[in-house]
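Encoded as structure tokens, the structure appears first; notes follow it.
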Amino acid sequence: MDARYEPKVVEAKWQARWREAAAFRVAGGQPGKKFYCLEMFPYPSGRIHMGHVRNYAIGDVIARLRRRQGFHVLHPMGWDAFGMPAENAAIERHIHPAKWTRTNIAYMRAQLDQLGLSIPWEREVATCDPAYYRWEQLLFTQMVERGIAYKRYGEVNWCDTCATVLANEQVEEGACWRCGKPVRLKPLDQWFLKITAYADELLAGLDTLDGWPERVRTMQRNWIGRSEGARIRFPVADSAAVIEVFTTRPDTLFGVTFLSIAPEHPLVEEITSAAQRPAVAAFRERLARQRAEARPGDEVEVEKEGVFTGAYALPPGGREQVPIFVANFVLMGYGTGAVMAVPAHDQRDFDFARKYHLPIRPVILPPDPDHPGALLPLDPATMTAAYEEEGVMAASGEFDNLSSAAGRQAVVRWLAERGDGRAEVTYRLRDWGISRQRYWGTPIPVVYCATCGMQTVPAAELPVVLPEDVALTGAGGSPLAACEGFVHTLCPKCGGPARRETDTFDTFIESSWYFLRYASPDPRREATGDALRFTPEELARGPFDRAAVDYWMAVDQYIGGIEHAVLHLLYARFFTKVLRDLGHLGVDEPFARLLTQGMVCKETWRCADHGWLLPEEVTEGRCVRCGVSAERGRVTKMSKSKKNVVDPDALIDRYGADTARLFSLFAAPPERDLEWNEEGVEGCYRFLGRVWRLVAQVVTLPAATADTDGGEAGRALTRRLHQTIRKVTRDCGEEFHLNTAIAAIMELANAAQSYLAGPAGTGAVARPAVEGIVHLLNPFAPHLTEELWAALGHPAPLYATPWPGFDEELAKEETIELVCQVNGKVRSRLSVAANAGQAALEAAALADPMVQKWLAGKRPRKVIVVPGRLVNVVV
RNA sequence: GCCGGGGUGGCGAAAUCGGUAGACGCAAGGGACUUAAAAUCCCUCGGCCGUCCGGCCAUGCGGGUUCGACCCCCGCCCCCGGCACCA
């Protein structure tokens, strides 16, 4: 073998071998254990970035390990290929989105191959293929039939920059998740998916997802925002109008002293008195103006304000009427857009009541902490804050003395009997708006006929293929609307002239089911033109081969960024449940375990005059252009704008993929942020070189001769080998402590190196140890280890060789270091036999001179013995 | 404000059914090899005191429980992320 480690040569060689051997091809349905390992598929932006490297390195280690542990492993890859950047490239550089996307995919696929990922490429998916989205269109028509997809006119989130609608999940702090520009509301006729129909199941399912990080589950719970309460009717005095409110605290009903309604509430016009009309109109106009001018990130903590409508509401139970206010803090988009105000028990209502001198009426009394069973009085005149906790009802007529919990039920029952209200559950979650006024996406398969109205495109006429010859100007509006040949069509029902829907799907739809397509590839995924029309057999079978999907699903390990905690991960869960209910698959949840990997970060440099600086623009802490000292910025996520990115191509060119993989797994645990630093990469490269030389040395040693155990040093190395196999196998098991697994392999390599440098080093012991290193390192550095495995004389490739086992007996320590404490402080350490009994440990510790010294003749009061660990003598 | 995660050497990090704090790596210092450099190899490396043996301090801060606390409990501070007038 070569004396020097040349990653370029080695990596090219093994990548070619794997390709020729179709090494990672996998069939479904075989007996035995299956493992579906999936990383979130990339958007084909042009080049991979370090975040991809880390994501796919983590997944590849898991896939390679599981494969060698005897699982049938599915570890596929594809492309989230529809989206805006392709369209923007078309507008700016006059490249067709399809061509731009295809070129990017080809380049990025080569990059992923260079990383040595163990991917069965024959299952590759590109969501912009009509063969992919034709099924999506068919599924959509099935959803329309079931009422899961529907069209509705209403206010939707609109991003001017992206010239399209956004779903609620895609608005972050009032700004577009993609471009960061402010989002405004715009009334439009749009398609929605009824995700709210699955709100309870999506919520309950979170409790079953033990393999998910708690924070992702919490984020989804918060997003769904389920709250139980009651809907209560408040008739308006001297009017036919009825204001309905939602409250989670029906037990405070008798403390209502006014109502607050949202400025946009549809009943505002109707109930406002003539005298108050100008004031209400002025208030609403001022608010509308303020909201239009508000920038994202503006302080939302505005003061509570309101205006009296001149109208009064009649609370249930014939109590005196209460005034109705229009208030700035009431949201039209939540509950009913109106709230019953209980200032004694809600801080917002309290603030409002104090400001406008409205009465405060305590109806829930707090328990007295000093006298169990007793209650504390609340005095409206002296209260400084609302009492929002639970307590005991008072001043509530027949409900007095009930606890809050019992009172809630009793009041709701009472309301329901009288027809004044009922129990209700509301959600923060809204239905998913899926229409997008963009070109590069899946056409929504619907036509509009003047005679027959809206029609979904029948299966026999699918797919509706995205036309290629469309002028992309960026002028706004759906580009497809300007494509006459596309728009004009015939009604599938009456055959008369009709117009096609010109919006396309939100691209989050494609990523909501791609993992199912991997599990059951479309046999005609290469087809084009008329060959794409559904055959009767295909329609009978449905989108998937049920056996294949049932075999592989659910994904055993999903890996990706935390940024999709609510977006993609919620949509995919929803889609899975819908497809299950449509009869296409049998699982309830798509992803059994989820690993959210941390970001790849790097230090930044900044010059007062020249802004962000590249590393090479800084020498000795100074900006190379102006010579003025540059400021070391924070360590932040790699981004082009901050000039702190590392290009994977350059990295691989210099160190090789194995080093790139190793460092991105070694520098931090997978779920935590990783700080990139060049010296650390060097360290990993040096380590791989050391392993190379270790093998080079071992292959020159005479083959194992006698059955020697190598004496003391040899047994120690063998012990370390078995301990390391045990540790690496465990660390890479369920929790994926890949960084400590690598550290353990490094320790074994250090031990092997020391052993070989020592006087007694023999091949008989060193060789198995070094082979062990090659074995254990294989998932992390697949190319290097294949080369070394071959050099060690093994003809069969390592990727197909079973993962090594370990011998508990050989892993056992002969002696341990016994820590001797006096009064809890370490005073001595002794080497004792590992199997020594408690009495022997105690005797050894007490006999130790240092222990004797610290005892200073005093009699031990107590001796604590922890077998295998320590003895603590207490005086 | 609420929820989640975190705070350990010069740096990235280890170690949590409570039992040797700092594995592994980086940086730094010293040495070997070399005409020299690179590469490689060896040694030192939390702070303070001490001649070695050793001692004291140290896991964000302050208390507590315990023979013993990075770990458990109580009260705080700071950082990161998510949500945020959700009735």
_Given B/rG4, B/rC67, B/rA87, the nucleotide with the shortest approach to the side chain of A/Arg348_ = B/rA87
Distances under 3.5 Å between protein N/O atoms and the N/O atoms of nucleotides 26-32 of chain B, please, pair by pair.
| from | atom 1 | to | atom 2 | distance (Å) |
| --- | --- | --- | --- | --- |
| B/rC26 | OP1 | A/Arg686 | NE | 3.4 |
| B/rC26 | OP1 | A/Arg686 | NH2 | 2.7 |
| B/rA27 | OP2 | A/Arg686 | NH2 | 3.4 |

*Check the side chains of A/Gln220 and A/Arg573 for a donor-acceptor pair under 3.5 angstrom, ignoring hydrogens and angles.*
yes
*If you write RNA chain B from 5' to 3' in dot-bracket form, with Watson-Crick or G-U pairs under 3.5 Å, [ ] for crossing pairs and | for pairs with another strand, what do you get?*
(((((((..(((......[....))).(((((.......))))).((((....))))..(((((..]....))))))))))))....
*asked:* Could you tell me if A/Tyr685 and A/Asp658 have a donor-acceptor pair between their side chains, going purely by distance under 3.5 Å?
replied: no
*Of all the choices, B/rG19, B/rA87, B/rG55, which nucleotide is nearest to the side chain of A/Trp854 once you look at every atom?*
B/rG55
*For B/rG46 versus B/rC53, give the span between their P atoms, rounded off to a whole number of Å.*
15 Å
*Please determine, for the side chain of A/Thr247, which listed nucleotide (B/rG19, B/rC67, B/rA87) has the closest atom?*
B/rA87
_Could you tell me how far B/rA84 sits from B/rC2 if I compare only their C1' atoms? Round to whole Å._
8 Å
*Within a radius of less than 6.0 Å around CD of A/Glu228, do more than 12 heavy atoms belonging to other residues, nucleotides or ligands occur?*
no
*For B/rC41, take OP1 and OP2 only and decide whether either is under 4.0 Å from a side-chain N or O of A/Gln753.*
yes
*Rounding to the closest angstrom, what is the interatomic distance between B/rA13 and B/rC26 at atom P?*
16 Å
*What nucleotide among B/rA13, B/rC24, B/rU20 has an atom nearest to a side-chain atom of A/Leu870?*
B/rU20
*Nearest to the side chain of A/Val826, which nucleotide is it out of B/rG19, B/rC85, B/rA21?*
B/rA21
_Work out how far the P atom of B/rC49 is from that of B/rG10, and round it to whole angstrom._
16 Å
*asked:* How about CZ on A/Arg354, more than 12 heavy atoms from neighbouring residues, nucleotides or ligands closer than 6.0 Å, or not?
replied: yes
_Please determine whether a side-chain nitrogen or oxygen atom of A/Arg428 lies at a distance below 4.0 Å from atom OP1 or OP2 of B/rA87._
no
*asked:* Please confirm whether the shortest side-chain N or O distance from A/Asn739 to OP1 or OP2 of B/rA14 is below 4.0 Å.
replied: yes
*Anything under 30° is parallel, anything over 60° is perpendicular, the rest tilted; go ahead and classify A/Tyr356 against A/Phe352.*
tilted
*Is B/rG9 in the syn or the anti form, by the rule that syn lies within 90° of 0?*
syn
_Whole-angstrom distance between B/rA28 and B/rC11, as gauged at atom P_ = 15 Å
*Using a cut-off of less than 4.0 Å, is there contact between a side-chain N or O of A/Ser227 and OP1 or OP2 of B/rA87?*
yes
*Quote, to the nearest angstrom, the P distance that separates B/rC71 from B/rG9.*
15 Å
*Starting at the 5' end of RNA chain B, which residue's closest nucleotide do you reach first, A/Gly333 or A/Trp223?*
A/Trp223
Solution key, residues 254-261 of chain A side-chain donor-acceptor pairs under 3.5 Å, sequence neighbours excluded:
| from | atom 1 | to | atom 2 | distance (Å) |
| --- | --- | --- | --- | --- |
| A/Thr257 | OG1 | A/Pro359 | O | 2.9 |

*Is it true that a side-chain atom of A/Asp848 and a backbone atom of A/Ser828 form a donor plus acceptor pair closer than 3.5 Å?*
no
*asked:* As a test of reading the structure: which of B/rA13, B/rC24, B/rU20 is closest to the side chain of A/Pro669, going by heavy atoms?
replied: B/rA13
*Can you tell me how far C1' in B/rC74 sits from the matching atom in B/rU66, rounded to whole Å?*
16 Å
*Within the pair A/Arg827 and B/rG54, is there a side-chain N or O less than 4.0 Å away from OP1 or OP2?*
no
*Nearest-angstrom distance, C1' atom, B/rU65 to B/rA15*: 23 Å
_Nucleotide nearest A/Lys853 when distance is taken to its side chain, options B/rG54, B/rA23, B/rA87_ = B/rG54
*Considering the options A/Arg54, A/Met50, A/Lys637, A/Glu563, which one meets the side chain to side chain contact (heavy atoms under 4.5 Å, CB included) requirement together with A/Met599?*
A/Lys637
_From C-beta outward on A/Glu817, which listed nucleotide comes closest to its side chain: B/rU20, B/rG82, B/rG19?_
B/rU20
*Should A/Lys825 be listed as having a side-chain N or O under 4.0 Å from OP1 or OP2 of B/rA21?*
no
